[in-house]
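Reading through the structure tokens given below for one structure.
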Amino acid sequence: YLKLWLAYLCAVVLLLAASRGMRRRWWIPAAGLALTFCLCLLLHRSAASAGGLNVDVLDVGQGQCILLRTSEGKTVAVDCGGSSLDSAGDILADRLQELGHSRLDLLVLTHFHSDHTNGLEALFHRVTVEAMAVPCVRDEEGAAWRERVLALAGEQGTRVRWVEADETLTWPSLTLRLYAPLGAGEQNEEGLSVLATCGTSDLLITGDMTEEIERRLVRYGDLPDVEVLVAGHHGPPYATSQLLLDAARPEAAVISVGWNSYGHPAAEVLDRLEAMGIQIWRTDLDGTVSIQMGIGE
């Protein structure tokens, strides 16, 4: 809407430049610009806060940062890291503030790898994070950065939830199930998975889960058929397995990926998704992917 308004502004400027009579009545186009600008803002806010669950898989390069917004104004982010020139924290904060939010009700970290967390300093600097849910692990890998993340939370007074057993959080239009780590020994295996449910629509986020841990999630997680799957680990061949796809039956898959030297997303993953008729969205090709779920049920 704002782009349309800018085009209208350019047209008005050209008209004023070409018409001496219009310049004498400058207040008419000025009033029109003011009114249409207000209308654009209202339409933008209305579209952004439509009913159900609004999901933004943000374009943060090679990494992951997902924003969930409910119709009653609750905000939840899953991870905040990536390789983009702008910090993932700034990208998330920009999106929140663009929508009129100055705080994040909950930040879920699937694990502590930098491509999922390196935007946190910028995020904590710009918005208030009320609570943070993290996997209950005490391994030495990445301990220094984990302690830095916890220190950032402590400086802001953010409540930290250590998830060591499955938890379910509920709001009027959103149920969030946090699956506790199902593996051991390496951060990708010790990460959280997230199932967001709005009405009968489900979104599944598996972090950097590998095929072996996906098998355990299918066995113990009681997964529903999901509408949207965020592909695991940015699309390598050893994630988003056929077993997981057969269990979850997603209608669409979003791959949060940027330029990388790993070959993500792998051809095998794309072939598996296409063979099942799953619609594919990629942040490296499509930019930020915005989805509205649970509307009209």
_Intermediate values then yes/no, salt bridge (Lys or Arg N to Asp or Glu O under 4.0 Å), E155 and R148_ = CA-CA 10 Å; E155 290 167 8; R148 175 59 182 151; 3.5 Å; yes
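- The structure places CG of L174 at 7.5 Å from OG1 of T197, a figure rounded to the nearest 0.5 Å.
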*Output, in order, the C-alpha distance, side-chain angles, deciding distance and verdict of side chain to side chain contact (heavy atoms under 4.5 Å, CB included) for D166 and L178.*
CA-CA 6 Å; D166 293 355; L178 305 180; over 6 Å; no
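- No more than 12 heavy atoms of other residues, nucleotides or ligands shown are found within 6.0 angstrom of CG on D222.
- No side-chain heavy atom of L169 sits less than 4.5 Å from a side-chain heavy atom of K74.
- Although no hydrogens or angles enter the test, the distance criterion places a donor-acceptor pair under 3.5 Å between the side chain of D79 and the main chain of T110.
- Rounding to the nearest 0.5 Å gives a distance of 6.0 Å between CG of D115 and CG of D208.
- With Y8 contributing its side chain and L33 its backbone, the two residues share no donor-acceptor pair below 3.5 Å.
- Other residues, nucleotides and ligands contribute at most 12 non-hydrogen atoms within 6.0 Å of the CD atom of E164.
- Between the side chains of S83 and W259, not a single donor N or O lies within less than 3.5 Å of an accepting N or O.
- Rounding to the nearest 0.5 Å places CZ of R272 at 10.0 Å from CG of L244.
- If you chain together hydrophobic residues whose side chains sit under 4.5 Å apart, V160 and V127 fall into the same group.
- Between C198 and M293, the closest heavy-atom pair is SG-O, 3.9 Å.
- When the side chains of ILVMFWY residues are joined at heavy-atom separations under 4.5 Å, either directly or via intervening members, L243 and L204 end up in a single hydrophobic cluster.
- Two residues are said to be in side-chain contact when any heavy atoms from C-beta on lie closer than 4.5 Å; P135 and L192 meet this criterion.
- Salt-bridge check for R69 with E98: failed, with every basic side-chain N at 4.0 Å or more from each acidic carboxylate O.
- In the hydrophobic cluster analysis, where Ile, Leu, Val, Met, Phe, Trp and Tyr join through side-chain heavy atoms closer than 4.5 angstrom, F37 is grouped together with L9.
- The main-chain N or O of G258 is found under 3.5 Å from a side-chain atom of N260 such that the two form a donor-acceptor pair.
- Here the closest heavy-atom approach between residue L195 and residue P224 is recorded as CD2-CD, 3.7 Å.
- Listed here is the closest heavy atom pair of Q64 and V60: N-CG2, 3.8 Å.
- Just one of I255, L203, V289 meets the side-chain contact (heavy atoms from CB on, under 4.5 Å) condition when paired with V230; it is L203.
- Formation of a donor-acceptor pair under 3.5 Å by the T206 side chain with backbone atoms of M209 is not found in this model.
- Considering OH of Y262 and NE2 of H233, their distance stands at 7.5 Å, rounded to 0.5 Å.
- The number of heavy atoms from other shown groups lying within 6.0 Å of CZ (R215) is above 12.
- A chain of hydrophobic side-chain contacts below 4.5 Å, direct or via other Ile, Leu, Val, Met, Phe, Trp or Tyr residues, connects M276 to L223.
- In plain terms, the two heavy atoms of Q156 and F124 that are nearest each other are NE2-O, 2.9 Å.
- No side-chain donor-acceptor contact under 3.5 Å links D59 and T288.
- By the 4.5 Å heavy-atom criterion applied to side chains, L96 and S102 are not counted as neighbours.
- Taking the six-membered ring for Trp and thresholds of 30 and 60 degrees, W162 and F112 have ring planes inclined between 30 and 60 degrees apart.
- Grouping the Ile, Leu, Val, Met, Phe, Trp and Tyr side chains by contacts below 4.5 angstrom, directly or via other members, places V269 apart from Y238.
- A salt bridge is defined here as a Lys NZ or Arg NE, NH1 or NH2 lying under 4.0 Å from an Asp or Glu carboxylate O, and E212 with R216 meets this definition.
- Remark: side-chain polar atoms of T70 are not paired, donor with acceptor, to backbone N or O of S173 under 3.5 angstrom.
- V254 is not listed as a side-chain neighbour of I66, based on a closest heavy-atom distance of 4.5 Å or more.
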*Could you walk me through whether E274 and D271 pass the side chain to side chain contact (heavy atoms under 4.5 Å, CB included) test, one step at a time?*
CA-CA 5 Å; E274 290 171 356; D271 289 344; 4.1 Å; yes
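- To the nearest 0.5 Å, the span separating CD on E211 from OG1 on T240 amounts to 10.0 Å.
- From T117, atom OG1 reaches atom CG of L123 across 11.5 Å, with rounding to the nearest 0.5 Å.
- Panel note: side chain T75, backbone D105; a donor-acceptor pair is recorded below 3.5 Å.
- When each of H234, Q62, R282 is paired with H264, the side chain to side chain donor-acceptor pair (under 3.5 Å) condition holds for Q62 and for no other.
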*Assess whether side chain to side chain contact (heavy atoms under 4.5 Å, CB included) is satisfied between V76 and W171, documenting all intermediate values.*
CA-CA 11 Å; V76 177; W171 293 274; 4.1 Å; yes
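- Of the possible polar contacts, none joining the R219 side chain to the E214 backbone as a donor-acceptor pair under 3.5 Å is found.
- When every heavy atom of A133 is checked against every heavy atom of L106, the shortest pair comes out as N-CD1, 4.0 Å.
- Proximity of V228 to P250: side-chain heavy atoms (C-beta onward) are nowhere separated by under 4.5 Å.
- Here the closest heavy-atom approach between residue A247 and residue D225 is recorded as O-OD1, 3.7 Å.
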*Can you check side chain to side chain contact (heavy atoms under 4.5 Å, CB included) on V108 and V134, steps first, answer last?*
CA-CA 6 Å; V108 180; V134 299; over 6 Å; no
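- In this structure, the side chains of R95 and H101 stay at 4.5 Å or more apart for every pair of heavy atoms.
- Using a 4.0 Å cut-off between charged nitrogen and carboxylate oxygen, E130 and R103 count as a salt-bridge pair.
- Judged by distance alone, with hydrogens and angles left aside, the side-chain atoms of S87 form no donor-acceptor pair with the main-chain N or O of A122 at under 3.5 Å.
- No side-chain heavy atom of E251 sits under 4.5 Å from any side-chain heavy atom of I278.
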